[in-house]
Amino acid sequence: ALLLGLIINQLHPKGISFKILFHPLLPLKQNLADEFYVISADSALILLDQSMVEFLDIRTLDDYQLDHISGAQHLSFNQLLSGFIPEFSIAPEGKVIIYDQEGEMEQLNLAAISLQQAGYRNIYLLFGGYLNWLQKGYSIERGAELHD
């Protein structure tokens, strides 16, 4: 049954890729917190201008450069999976709000695990992702200033 489920998962248009299903970070999650916070766009907006809060956009670089939540930093999902975690402008005890395009919880959880392994503990997943933020009409920035 497990093998059949894996095969059907790979054939399904919205199936989870093997890369994500069997990612090396997943077994380590047992040693870390079992869950992350899910935050609504309304609650995230309240935190937008607070110090010790960082928004992290894990969409593609092209999407980020087109527009993103005001003040968000970019780090692609693939960079997170490879273990590349840049130094943020906040300490690991600060809040990190991660978002993708549509609020895909599997992807956001994997990104959160990577951040958690880098020492971040207050990790929030933006419910509904960037599309929900846009639907609410909250502030965005167009274009990007990328810092190397």
Side-chain angles (χ1 to χ4, degrees), residues 1-50 52-86 88-141 144:
L2 175 63
L3 182 59
L4 182 59
L6 289 172
I7 292 169
I8 291 171
N9 177 63
Q10 293 308 302
L11 297 175
H12 192 277
K14 293 205 175 214
I16 302 170
S17 73
F18 275 119
K19 180 180 175 183
I20 293 174
L21 278 175
F22 299 106
H23 189 274
L25 295 177
L26 290 177
L28 298 176
K29 188 176 183 214
Q30 305 166 14
N31 301 329
L32 302 169
D34 291 328
E35 59 187 58
F36 305 106
Y37 305 104
V38 176
I39 190 169
S40 69
D42 298 327
S43 296
L45 178 67
I46 294 168
L47 299 175
L48 183 63
D49 294 325
Q50 291 186 5
M52 299 298 289
V53 176
E54 187 70 54
F55 281 74
L56 181 62
D57 186 323
I58 64 168
R59 300 175 304 149
T60 66
L61 182 58
D62 289 340
D63 287 341
Y64 175 81
Q65 288 178 326
L66 181 64
D67 57 14
H68 53 273
I69 293 175
S70 298
Q73 292 188 30
H74 178 262
L75 184 60
S76 76
F77 178 65
N78 290 333
Q79 287 174 310
L80 277 168
L81 288 184
S82 69
F84 176 76
I85 309 290
F88 292 118
S89 58
I90 60 166
E93 60 271 4
K95 291 180 175 79
V96 179
I97 300 173
I98 307 171
Y99 69 91
D100 62 1
Q101 189 69 16
E102 298 176 357
E104 295 289 332
M105 285 302 160
E106 297 91 2
Q107 181 172 322
L108 290 172
N109 271 305
L110 286 173
I113 291 168
S114 296
L115 285 173
Q116 196 175 52
Q117 287 189 336
Y120 291 88
R121 293 291 176 251
N122 296 316
I123 301 169
Y124 295 78
L125 313 178
L126 183 62
F127 182 78
Y130 187 64
L131 292 179
N132 188 28
W133 187 269
L134 287 175
Q135 287 173 337
K136 299 278 187 174
Y138 296 150
S139 65
I140 61 169
E141 293 176 349

Fill in: Check against side-chain contact (heavy atoms from CB on, under 4.5 Å), Ile69 and Leu126
CA-CA 11 Å; Ile69 293 175; Leu126 183 62; 4.0 Å; yes
When rounded to the nearest 0.5 angstrom, what is the spacing between [atom1] in [X] and [atom2] in [Y]?
X: Leu108; Y: Glu102; atom1: CG; atom2: CD; result: 11.0 Å
X: Asp100; Y: Leu56; atom1: CG; atom2: CG; result: 10.5 Å
X: Phe36; Y: Gln116; atom1: CZ; atom2: CD; result: 4.0 Å
X: Arg121; Y: Leu115; atom1: CZ; atom2: CG; result: 10.5 Å
X: Gln79; Y: Ile58; atom1: CD; atom2: CD1; result: 11.0 Å
X: Gln65; Y: Arg59; atom1: CD; atom2: CZ; result: 10.5 Å

Check: [Y] main-chain N/O paired with [X] side-chain donor or acceptor under 3.5 Å:
X: Glu141; Y: Gly71; result: yes
X: Tyr130; Y: Tyr64; result: no
X: Asn122; Y: Glu93; result: yes

Item to complete: Mind running side-chain contact (heavy atoms from CB on, under 4.5 Å) on Leu125 and Asn109 for me, showing each step along the way?
Response: CA-CA 8 Å; Leu125 313 178; Asn109 271 305; 3.8 Å; yes
Fill in: Minimal non-hydrogen separation, His68 against Tyr99, with atom names
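It is CB-OH, 3.4 Å.
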Worksheet entry | Leu75: which of Ile98, Leu61, Leu80 passes side chain to side chain contact (heavy atoms under 4.5 Å, CB included) |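 Option passing the side chain to side chain contact (heavy atoms under 4.5 Å, CB included) with Leu75: Leu80.
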Worksheet item: Restricting to pairs with a member in residues 107-116, which pass salt bridge (charged side-chain N to carboxylate O under 4.0 Å, His left out), not counting sequence neighbours?
Response: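 Qualifying pairs, neighbours excluded: none.
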Please list, one pair per line, the donor and acceptor atoms closer than 3.5 Å that link side chains of residues 38-48 to other protein atoms, with sequence neighbours excluded.
{"residue": "Ser40", "atom": "OG", "partner": "Ser43", "partner atom": "N", "Å": "3.1"}
{"residue": "Ser40", "atom": "OG", "partner": "Ser43", "partner atom": "OG", "Å": "3.2"}
{"residue": "Asp42", "atom": "OD1", "partner": "Tyr138", "partner atom": "OH", "Å": "2.4"}
{"residue": "Asp42", "atom": "OD2", "partner": "Lys136", "partner atom": "NZ", "Å": "3.4"}

Worksheet entry | With sequence neighbours excluded, residues passing salt bridge (charged side-chain N to carboxylate O under 4.0 Å, His left out) with Asp63 |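 Once residues adjacent in sequence are excluded, Asp63 has no partner under the salt bridge (charged side-chain N to carboxylate O under 4.0 Å, His left out) criterion.
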Worksheet item: When the ring planes of Phe55 and Trp133 are compared, do they come out parallel, tilted or perpendicular, using 30° and 60° as the limits?
Response: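 Taking Trp133 first and then Phe55, their aromatic rings stand perpendicular (interplane angle over 60°).
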